[in-house]
Protein chains: 2
Amino acid sequence: MDYRTGKRIVAETARRTENRYGNRPTMKDVAARAGVGLKTVSRVVNGEPGVTPDTERRVQEAIDALGFRRNDSARVLRKGRTASIGLVLEDLADPFYGPLSRAVEEVARAHGALLINGSSAEDPDREQELVLALCARRVDGLVVIPAGDDHRYLEPEIKAGVATVFVDRPAGQIDADVVLSDSFGGARDGVAHLIAHGHRRIGFIGDMPRIHTAAERLRGYRAAMADAGIPVEDTWMSLGVTDPQRVRKAAEDMLAGPSPVTAIFAGNNRVTVTVVRVLAEHSRSVALVGFDDIELADLLQPGVTVVAQDAAQLGRTAAERLFRQLDGTLVLPERIELPTRLITRGSGELPPAD
Amino acid sequence: MDYRTGKRIVAETARRTENRYGNRPTMKDVAARAGVGLKTVSRVVNGEPGVTPDTERRVQEAIDALGFRRNDSARVLRKGRTASIGLVLEDLADPFYGPLSRAVEEVARAHGALLINGSSAEDPDREQELVLALCARRVDGLVVIPAGDDHRYLEPEIKAGVATVFVDRPAGQIDADVVLSDSFGGARDGVAHLIAHGHRRIGFIGDMPRIHTAAERLRGYRAAMADAGIPVEDTWMSLGVTDPQRVRKAAEDMLAGPSPVTAIFAGNNRVTVTVVRVLAEHSRSVALVGFDDIELADLLQPGVTVVAQDAAQLGRTAAERLFRQLDGTLVLPERIELPTRLITRGSGELPPAD
DNA sequence: CCCGCAGCTGACAACGTTGTCCAGGCTCTA
DNA sequence: TAGAGCCTGGACAACGTTGTCAGCTGCGGG
């Protein structure tokens with residue numbers, strides 16, 4: 001069975017149809033074996049009161065003998081809540097999302113919920129497909145790191161009671177809870193830091209501006225430059241490049257042109273890593289500040305100065321808000337912005353080498 | 001509702017009981033609105049044949065108007081398969097597991113299944129709790145990175161038809177599919193590499209030997225030393241330390257004693273990172289080979305030589321085996337061992353500095 | 001003109017669980 | 001000892017969906 005089409009997958013049909021759940025025992029089976037009623041088994045399984053120790057023992061023996069395990073699918077159907085939440089992010093393999101995901105999981109666990117997650121791979125259609133699949137599973141809530149910029153498709157779901165919190169980027173076209181890092185302020189401070197160290201020709205390499213964080217960081221870059229009265233040249237900016245090869249090319253171009261940059265601001269962790277590589281091969285010393293912290297940044301020569309955001313805190317905050325929505329403690333959607341932190345390690349403090 | 005106790009969480013009861021699923025429309029509602037039978041709606045929703053275009057249009061309109069979305073919980077109950085698989089690992093935030101998890105997800109997606117995951121935090125009880133919760137949800141299959149060493153609790157589940165594959169470490173006490181990296185061979189080669197570069201006093205820092213990979217790597221270390229006819233001194237080995245502070249202490253002790261080591265073999269990515277930090281502060285040059293690749297290892301001075309394992313490949317292999325179990329293509333449990341790869345970058349080629 | 005057939009459609013049971021409600025037996029008190 | 005009240009246990013419906021099957025319509029052919 002495919003969660004998208006609803007069609008069965010051919011190969012599995014043959015083996016499985018005659019063997020539903022591998023013929024798992026049900027409460028009925030347990031009841032028959034223990035010689036009690038169905039509901040009595042239910043009571044024992046759920047630790048409800050009103051069962052004599054003797055009866056309970058008989059039921060428990062039957063449960064153990066048959067290897068019975070309650071079917072939570074049926075339970076969910078009956079009770080209405082699934083005790084699970086969905087997390088849709090861009091890519092679990094990205095070191096930024098690991099801690100975020102784990103933080104969400106911990107909060108979910110504290111509330112007795114399981115976590116279902118999916119990677120959108122930065123594809124809006126895939127995001128929607130995943131989100132709707134999770135809604136069809138009737139997750140109690142959703143934590144979404146948006147790939148797309150139009151989330152009206154979620155309106156009926158939210159209206160129907162699916163708690164929803166967006167993280168890292170705001171929702172598009174709908175009013176919903178959102179937890180962000182202060183990308184604008186962080187980038188502005190990072191670039192201002194470079195300016196304070198004497199740089200005027202500063203390059204910016206970031207992701208596609210349709211991604212909110214990328215746009216905000218670009219805005220921060222422009223704001224810092226404007227504040228310092230430095231006109232920005234087009235050749236200093238590279239937008240929408242994200243794969244290593246193109247980042248490399250972009251960086252090399254900035255360092256080569258007629259007015260080469262003396263410093264680079266890297267818009268996210270992946271860009272930073274590639275730029276570090278390029279600079280390591282470069283003869284002239286070039287300053288660097290990156291958005292997002294990266295592991296081992298302190299051990300490089302020079303250490304990499306970064307604008308750090310706390311991924312775990314983002315996840316934790318979002319998940320806590322989600323459960324407060326579910327509690328009914330929360331009513332109005334809100335936008336929460338977490339501060340970033342500039343960590344100086346050397347690369348951002350290099351003077352311009354003209 | 002708590003997936004462990006089955007008890008409702010008090011705070012949510014009040015708000016939710018009168019508002020099941022937020023009163024989502026059901027097929028019955030759609031049928032009423034479209035003026036057709038229940039089953040006809042089901043047919044339209046599932047794209048089954050035998051519906052006039054006109055009827056289909058009416059139903060579709062009703063669906064859109066009501067914002068209906070099929071309840072997959074009910075569907076699952078009826079059909080028997082959930083189109084979801086569970087992944088239990090140690091810690092999603094660990095950079096080793098991100099790519100692994102993502103790889104499992106991609107394979108699941110290709111088979112139309114969703115991924116539910118949980119972190120055991122290296123706690124056997126928590127692993128069992130998670131696994132059984134997933135079984136109660138009737139996941140079709142499980143990919144487990146074991147924390148415990150006794151998995152007999154899974155026997156009834158496997159017998160009942162839950163496909164199961166263990167990754168990174170073998171299952172305990174039961175016969176099941178397992179996909180591993182060649183920890184023994186990798187560690188032996190890594191240590192032999194150090195020996196080949198003239199080292200004789202080589203330290204080993206690894207995790208608790210009750211963790212299979214840690215034990216295997218230790219065995220590899222001992223084998224390489226034995227092959228070279230080098231007797232190992234107890235002070236050269238540090239087992240069961242994993243938090244940075246204690247790794248630091250262990251490394252410093254090895255470098256300080258009466259017969260200080262001239263090289264260190266680090267048993268996993270986290271140990272490697274800490275050892276790199278210690279060595280960076282150390283006056284004498286000390287060689288290092290680490291198990292697991294780490295990002296930016298090539299940019300450090302010197303680059304860090306590692307025994308790399310392919311986390312994504314581990315996940316992919318395991319997931320593919322899982323679905324082959326589900327297809328019925330697979331019958332007998334097997335143990336698959338993936339090779340490791342020595343990547344020389346400098347730190348492992350340093351000569352001994354006595 | 002009637003029969004058969006095909007194509008649509010819907011009534012109904014079933015999936016495994018939980019909530020409601022009632023029956024029967026027990027204890028305790030007046 | 002009768003009546004009230006409590007404790008235990010079970011019958012039954014319901015959750016929302018899908019599979020089965022039977023009924024209905026309209027059409028073509030005998």
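Letters go in sequence order (proteins before strands), and every chain restarts at 1.
- Direction of the helix axis in the helix from dC1(C)-dG30(D) to dA30(C)-dT1(D) shifts by 60° between the two five-pair termini, rounded to 10°.
- Here Gly50(B) lies in heavy-atom contact (under 4.0 Å) with a base.
- Evaluation of atom-type donor-acceptor distances gives no pair under 3.5 Å for the side chain of Arg138(A) against the base of dG16(D).
- Between Glu61(B) and Arg57(B), at least one side-chain nitrogen of the basic residue sits less than 4.0 Å from a carboxylate oxygen of the acidic one, meeting the salt-bridge criterion.
- Distance, Leu66(A) CG to dG16(C) C1': 15 Å, rounded to whole Å.
- Side-chain contact between Leu142(B) and Cys135(B) is present, with heavy atoms from C-beta onward closer than 4.5 Å.
- Closest to the side chain of Arg78(A), from the set dA13(D), dT17(D), dG16(D), is dA13(D).
- For dG19(C), the base has a donor-acceptor partner in the side chain of Lys39(A) [N/O atoms by modelled type, under 3.5 angstrom].
- Comparing dT17(C), dG10(C), dT18(D) by their nearest atom to the side chain of Thr26(A) picks out dT17(C).
- Between Glu106(A) and Arg102(A) there is a salt bridge, since at least one side-chain N of the basic residue sits less than 4.0 Å from a carboxylate O of the acidic one.
- Comparing dG16(D), dT18(C), dG9(D) by their closest approach to the side chain of Leu38(A) singles out dT18(C).
- To the nearest angstrom, C1' of dC15(C) lies 15 Å from CZ of Arg24(A).
- Counting only heavy atoms from C-beta outward, the side chains of Arg24(B) and Glu157(A) approach each other to under 4.5 Å.
- OP1 or OP2 of dG10(C) sits under 4.0 Å from a side-chain N or O of Thr40(B).
- At a threshold of 4.5 Å between non-hydrogen side-chain atoms, the residues His151(B) and Thr164(B) do not count as touching.
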Protein-nucleic acid N or O pairs under 3.5 Å, nucleotides 23-28 of chain C:
none

Let me have the donor-acceptor pairs involving side chains of residues 25-33 of chain B, under 3.5 Å, with sequence neighbours excluded, atom names and distances please.
from, atom 1, to, atom 2, distance (Å)
Thr26(B), OG1, Lys28(B), N, 3.1
Thr26(B), OG1, Asp29(B), N, 3.4
Asp29(B), OD2, Thr26(B), N, 2.8

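- Counting heavy atoms from C-beta outward, Gln60(B) and Ile63(B) have side chains that approach closer than 4.5 Å.
- Side-chain contact between Ser84(B) and Ile116(A) is absent, with no heavy atoms from C-beta onward closer than 4.5 Å.
- When the C1' atom of dC15(D) is taken as reference, atom CZ of Arg75(A) falls 14 Å away, rounded to whole Å.
- Note: CZ (Arg43(B)) to C1' (dT17(D)) measures 14 Å, nearest angstrom.
- At a threshold of 4.5 Å between non-hydrogen side-chain atoms, the residues Glu155(A) and Gln173(A) do not count as touching.
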